[in-house]
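What follows is a set of notes on a single structure, which appears directly below.
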Amino acid sequence: MYKSSPAQLVLEDGTVLQGKSFGYETPVSGEVVFNTAMVGYPESLTDPSYSGQILTVTYPLIGNYGVPDESINNRLSVFFESEKIQVTGLVISDYSFQFSHWNAKKSLGDWLIENKIPGIYGIDTRELTKILREKGSIKGKILFPEMDDIDFVDPNLENQVAKTSCTEVIRYGNGSKTIALVDCGIKHNIIRCLLKRDVSIIRVPWNYDFNTLEYDALFISNGPGNPQFCGETVEHIRQALNNERPIFGICMGNQLLAVAGGASTYKLKYGHRSHNQPVQMVGTNRCFITSQNHGFAVDSNTLGSDWEPLFVNMNDGTNEGIRHKSKPFFSAQFHPEASSGPVDTEFLFDDFLKMINTK
Amino acid sequence: MDKNIKKVLVLGSGALKIGEAGEFDYSGSQALKALREEGIETVLINPNIATVQTSEGVADKIYFLPVTPYFVEKVIAKENPDGLLLAFGGQTALNCGVKLHQSGVLEKYNLKVLGTQVQAIIDTEDRELFVKKLDQIDVKSIKSIAAENMEDALAAADQLGFPVIVRAAYALGGLGSGFCDNADELQKLAEKAFTFSNQLLIEKSLKGWKEIEYEVVRDCYDNCITVCNMENFDPLGIHTGESIVVAPSQTLTNSEYHKLREIAIRIVRHIGIVGECNVQYAFDTESEDYRVIEVNARLSRSSALASKATGYPLAFVAAKLGLGYGLQDLKNSVTKTTPAFFEPALDYIVVKIPRWDLGKFHGVSKEIGSSMKSVGEVMAIGRTFEEAIQKGLRMIAQGMHGFVGNKTLNIEDLDKGLSIPTDKRVFIISQAFQAGYTIDQIHALTKIDRWFLQKLKNIIDCNNELSDCQSYAELPDDLLWQAKKWGFSDFQIARSIVKNESEDLEDEILKVRAERKKRGITPVVKQIDTLAAEFPAQTNYLYITYNGTSNDVKYLGDHRSVVVLGSGAYRIGSSVEFDWCSVNALLTVRKMGYRSVMINYNPETVSTDYDMCDRLYFDELTFERVMDILDLENPQGVIVSVGGQIPNNLAMRLDEQNVHILGTSAQSIDNAEDRHKFSSMLDRLVINQPRWKELTSLKDIFGFVDEVGFPLLVRPSYVLSGAAMNVCSNKEELESFLQLAADVSKKHPVVVSEFVQNAKEIEIDAVASKGEIIVYAISEHVEYAGVHSGDATIQFPAQRIYVETVRQIKKVAKQIAQELNISGPFNMQFLAKNNEVRVIECNLRASRSFPFVSKVLKINFIELATRVMMGEEVEKPNKNEFDLDYVGIKASQFSFSRLQKADPVLGVDMASTGEVGCIGDNFYEAILKSMLSVGITIPKKNILFSTGPTKSKVELLEAARLLSEKGYNLYATGGSQKFLVDNGVPATLVYWPSDNKKPQAIDLIKDKKIDLVVNIPKNLTQGELKNGYQVRRAAIDFNIPLLTNDRLASSFINAFCKLDVDDIQIKSWDEYR
């Protein structure tokens, strides 16, 4: 049987949950959040939107199919959503020490160790989720008995976007249309989805003034943390709103576009992190199951008169996307690029391309 | 929704059979609930009288009639409904609907099919159309070639290359299908399959691929969700109904999961499903290559499982969508606040395990494959795979204690046992591990994904560590916790430490329990809430796990709970009847103002619908788990008498722990169940019974044999459906059987009794209060004693017994009720011959026939029994069976066509898989309805007679004369033909297979020249006449109605000779007053 060393998850409210270690052993601190997806731990762990967070996976059996190859081709990870593991720590119930998949290269535990990320198993993740649901996302830390205690850290007080964005301009593809892509901590599958539609991409850092570039359309990516740190980006977007070139935003991109358009954002109690979020296209009977990962949301009531909600969350009525009433600007709070999660809304990329091509 | 729909007809699935069982009672009940909620009038056709859906208050009008185009049209003409639901009654309802559409009946009556349209159904059922449809949207299907004759079938196989798989179109549960490695095998299989279907599909075999399913829902606005996906533990090649299945999938990556999900939605949109549908895939183990195996455009066994696995009520939602609702209009029935448009997120794993009863059939092959043979299933919930599968292996209730800790099976060749799957394979895997096989070796032989094997290996390793401990005190906390987290029962722990092969570890179990509690190692309760705790949910749907630290339920400790123990897996001898009883007990408890609590683990049932009770524990019915739950619930009391034998068997042990058993005391239950105590009691009360003797030594028994002679009945204690009961006709049989019976239960004695031949069998179902009978129903078997009461055709009220017999039965029942101080339901069986009545059995619990007599008499026996058990003073109803102006007949459904090589003959061991109950104005009408309902058809022209012993020949002579007068041609074998001709009934002589002469009985059957086979075996010995076996088996294999009992055959023949089908009354249940 497996002999693992003890580890514990300590929450800011004093709750202590005893578990066992299956990752790297070093004390870490962050915001504890939960995700209810049943597949896709390699994608989730490398999603930059989790920067600064300790991720709890509610599905209890994790590690089953190992972890695939980490190779990177042309500055795009082949299987992951970024170049490294982005979460601060991982909390699960039952770990598969052995794994089975034709595509697997190593175990989840070994991957965590290589990336120096702690992992803890044997936690009652359902009980933890109930605590997070009732108290809201909360600060927490993973500690090991033989090691030092550390302080709690609130990642929302830091600019997580700056930590995860690229630091230089990167170009992809050779399609006839060029998309300026603002990297606020982008998931690689967004880039893959765009490239699949044969475009050229200029990926720029979050605070880069893309208005200086030649481009046909603007894309604003997802990213971690509080949108309020992205004032610079918002300023750049505001300028872009003055002309007619199509704009598409995802997740953080939705929030930044809304803020640029005059709306405000707020922090959700415990966020949306799952593969089963239902959204409805406003004014229609069309509904979609979406993949989501965000802790902040746009306040629909504050949208400027030129803007309207495009999608609404069917569970809690929060905003899931906006569009400009006359110009080709729109955004989604959810993840049409999926990965991980359902691919039902990938058509939004086609809609974006249609806008670009009909301009 | 469509406001023009005011009255809807729902088709049920008829009797339970292999491949079509209780799941359709659940889906039909849900659909009816969805309709009634909208104020729509509902009409149900279903001859299965034991179901919940055919109960008062579930549908407005209920017709106990066959679900065939003829009868359904008659009901349509009479009721004139606006809408029709086809998707809730299995393949039976679907096929019937397609036929009604094709013959123009639906158009004629302007009847609208709600939900998925018939053309879409045809597109999924007709393989060629199906493949064409999938090609249109670039979805890969299994390359298959349709063949309508043998020549085409062989050519197709040549083209594809062996091995191939053969499937019959329009057949449920893989009927008539199988794998063929060469032309010879194909020829044999195809010949048979053509008798079920005029189209066969020859496909390239993808043995060894993963098998994955998705349950998809679509509304009329084109909104789609996949409610659940499932992965088969057993790779492709084993029918999904025969596989261990997990939900959600465990070995698929995100990319694989969502690739298949996207394809499923694409298919469902393209075909135009409105409602629910299931998509099955074969999935490569070394790439993302896939093939679509099939799409079921209806509710299915998988959808029932998915509903229970996720808490998403698929059938209920599908029915609403059929009325024109969108998914966004409906609420998630668990959270009540979020919409039904969402995909459940599970935070547990479920494991489904099939339950086979192959041991009940003589001659049947134990191999499992592409055709269904299992008769039931269980679903186990846990937060590790190890926990869930160990729970599941106990739930199937075949004497296994989990993955380890079982009695060693006698397996000659482990390699063969691994590579050729049988009903025991998972246990063979356990033995292989114990014999030192590696994961890779087992994987090579079974093709089961290594992940599952790794997890199973964990259980083995843990067990080895436990075995290293010599006492409970030596057990480290960590190890004990680990064992419990991996699903070890206290029994398994006790066995590995005590190292004793004996089954009797009851005291040790209590010691482990005490040790655990002392160390604070106890399980917790978790909810199934569809959203993995993301939203608050007031759900009452619960399971128990050791993989957690906190309970989801806050117990009030108010003693207002009443716990009803359910019936477990459906199996031969215990199925939907006990579900009906459980549901009615729950409803009564709730009506009386108590909290109704159910424990059961069968996903096919209505009792495990969380709407049916105040708390549902979807968990084991073992002593350990029931005690865990009682520790938490601290209930008012426990009802053990409505769920069949499983709860009944727990009574004594629960009582020893001071659990309050409601109703009849545990001691009385033991006095009735223990054959020795019971027979002694009868002697003491001077109640007549067949001469009997308890087994002490073989020598003793032979002394007894000399006294009473053969045949003899051998019965161990505590059995339902004669699991270990048998008739022995000679000394050799007796010796070998006694050995077997002694193995079954060492604790309870075996009793041997005289077998009375040609006696009538009479049953009484009753409810007593403090020893006084409140209500009773006396019913009579059509067959003479010797046919198991679960297989017998039963008439109620009894039609042909003496008043004197009735008087004696009432008197005896009264005496026994008094002596055992019965409070609650009970059932007794009697033999009556020459006006002399003898008691053969008494069960102090509800019996299989409770729903039947309750519905025919229109007095709910279970409601009364529950009130009595709860301590209420119940008045005797002022109505009894002698007031009825009609007759009910309960007839048995057999599934021999699914059980290759099984001898379709009836004896004291039960073989039927289901039943129907029909009501008629007289005996003949009722028997005709019920026989047609179990699939026997009225012959057109030719009947084959082999009438066995002289007594049967005489019994059937008048029936034969009647047939001849009606213009039927009789064919008969040797002695039977001579007897008929000698008695002036013309009959053509045909030869037995061994005669090697023409005309040959088997040829006539194969050429489909015969419309009905009456074949009465000479005696009840197992090795009975190879000739007879061949004729009976041929009848089954070529789908020709077969009757093997002289009394039943004579009744049926009389019925269809005296009545025309057109004479059958189309009357709903409420019209019989």
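So that the names make sense, note that chain A is the first sequence line, chain B the second, and so on, each numbered from 1.
A:M314 touches chain B through backbone and side chain together, each having a heavy atom under 4.5 Å away. Neither the backbone nor the side chain of B:E387 comes within contact range of chain A; no heavy atoms are under 4.5 Å apart. Of the atoms belonging to B:D552, heavy atoms from both backbone and side chain fall under 4.5 Å from chain A. At a 4.5 Å heavy-atom cutoff, A:E134 makes no contact with chain B through either its backbone or its side chain. Of the two parts of A:Q280, only the side chain, counted from C-beta on, holds a non-hydrogen atom closer than 4.5 Å to a non-hydrogen atom of chain B. Heavy atoms closer than 4.5 Å to chain A are found in the backbone of B:Y348, but not in its side chain. Contact of A:S274 with chain B is made through the side chain alone, with heavy-atom distances under 4.5 Å. Neither the backbone nor the side chain of A:T284 comes within contact range of chain B; no heavy atoms are under 4.5 Å apart. With a 4.5 angstrom heavy-atom cutoff, A:Y59 touches chain B via backbone and side-chain atoms both. Of the atoms belonging to A:Y121, not a single heavy atom falls under 4.5 Å from chain B. There is no contact between B:L327 and chain A, counting heavy-atom distances below 4.5 Å. Only the backbone of B:T285 comes within contact range of chain A, with at least one heavy atom under 4.5 Å from a heavy atom of that chain.
Chain A forms more heavy-atom pairs under 4.5 Å with one residue of B:F535, B:Y257, B:F452 than with any other, namely B:F535. Of all the listed residues (A:T36, A:T58, A:N285), the one sharing the greatest number of non-hydrogen pairs under 4.5 Å with chain B is A:N285. Of the listed residues (B:K259, B:K485, B:K526), the greatest number of heavy-atom pairs within a distance under 4.5 Å of chain A belongs to B:K526. Taking A:P60, A:G40, A:S340 one by one and counting their heavy-atom pairs under 4.5 Å with chain B, the maximum is reached by A:P60. Interface remark: of the candidates A:S96, A:C287, A:S339, A:A338, A:C287 forms the most heavy-atom pairs closer than 4.5 Å to chain B.
Residue pairs satisfying the salt bridge (Lys or Arg N to Asp or Glu O under 4.0 Å) criterion with at least one member in residues 214-226 of chain B, sequence neighbours excluded, are listed as follows: B:R218-B:D222, B:D222-B:R269. The list of salt bridge (Lys or Arg N to Asp or Glu O under 4.0 Å) pairs with a residue in residues 92-101 of chain A, not counting sequence neighbours, reads A:D94-B:K455.
Contacts between residues 334-347 of chain B and chain A, counted as heavy-atom pairs separated by less than 4.5 Å, involve B:T338, B:P339, B:F341, B:F342, B:E343, B:P344, B:A345, B:L346, B:D347. Heavy-atom neighbours of chain B within the stretch residues 100-111 of chain A, taken at a separation under 4.5 angstrom, comprise A:S100, A:H101, A:W102.
In this structure, the side chains of A:M38 and B:Q250 stay at 4.5 Å or more apart for every pair of heavy atoms. A:F288 places none of its side-chain heavy atoms less than 4.5 Å from the side chain of B:N223. Between B:E256 and A:V39 the shortest side-chain heavy-atom distance does not fall below 4.5 Å. At a threshold of 4.5 Å between non-hydrogen side-chain atoms, the residues B:K457 and A:Q98 do not count as touching. Within the 4.5 Å cutoff, side-chain heavy atoms of A:K20 are placed close to those of B:D478. Put simply, the side chain of B:P536 reaches to within 4.5 Å of the side chain of A:R133, judged on heavy atoms. Between B:I349 and A:L61 the shortest side-chain heavy-atom distance falls below 4.5 Å.
The two residues A:Y270 and B:E534 make their nearest non-hydrogen contact at OH-O, 2.8 Å. Between A:Y65 and B:L252, the shortest heavy-atom distance links the atoms CE2-O, 3.3 Å.
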Item to complete: Evaluate the side chain to side chain contact (heavy atoms under 4.5 Å, CB included) criterion for residues B:Q328 and A:R286: first the C-alpha distance (whole Å), next the side-chain angles of each, then the deciding distance (0.1 Å), finally the verdict.
Response: CA-CA 9 Å; B:Q328 73 278 12; A:R286 295 181 69 193; over 6 Å; no
Worksheet item: A:D124 and B:R383: side chain to side chain contact (heavy atoms under 4.5 Å, CB included), yes or no, with the steps?
Response: CA-CA 10 Å; A:D124 186 340; B:R383 281 171 60 86; 4.2 Å; yes
Worksheet item: After noting the C-alpha distance and the side-chain angles of A:Y2 and B:N458, does the key distance pass the side chain to side chain donor-acceptor pair (under 3.5 Å) rule?
Response: CA-CA 9 Å; A:Y2 313 104; B:N458 285 343; 2.7 Å; yes
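Going from atom CD1 of A:I131 over to atom OG of B:S550 covers 7.0 Å, rounded to the nearest 0.5 Å. Distance check, rounded to the nearest 0.5 Å: CG of A:N315 to CG of B:L531 gives 6.5 Å. Interatomic distance, OG1 of A:T125 versus CG of B:N547, reported as 9.5 Å (0.5 Å rounding).
Proximity of a side-chain donor or acceptor of B:E262 to a complementary backbone N or O of A:V343 within less than 3.5 Å is not detected. Side-chain atoms of B:N254 come within 3.5 Å of backbone atoms of A:G341 as a donor-acceptor pair (strictly under, hydrogens ignored).
Classification of B:D529 and A:R126 as a salt-bridged pair holds, one side-chain N sitting under 4.0 Å from a carboxylate O.
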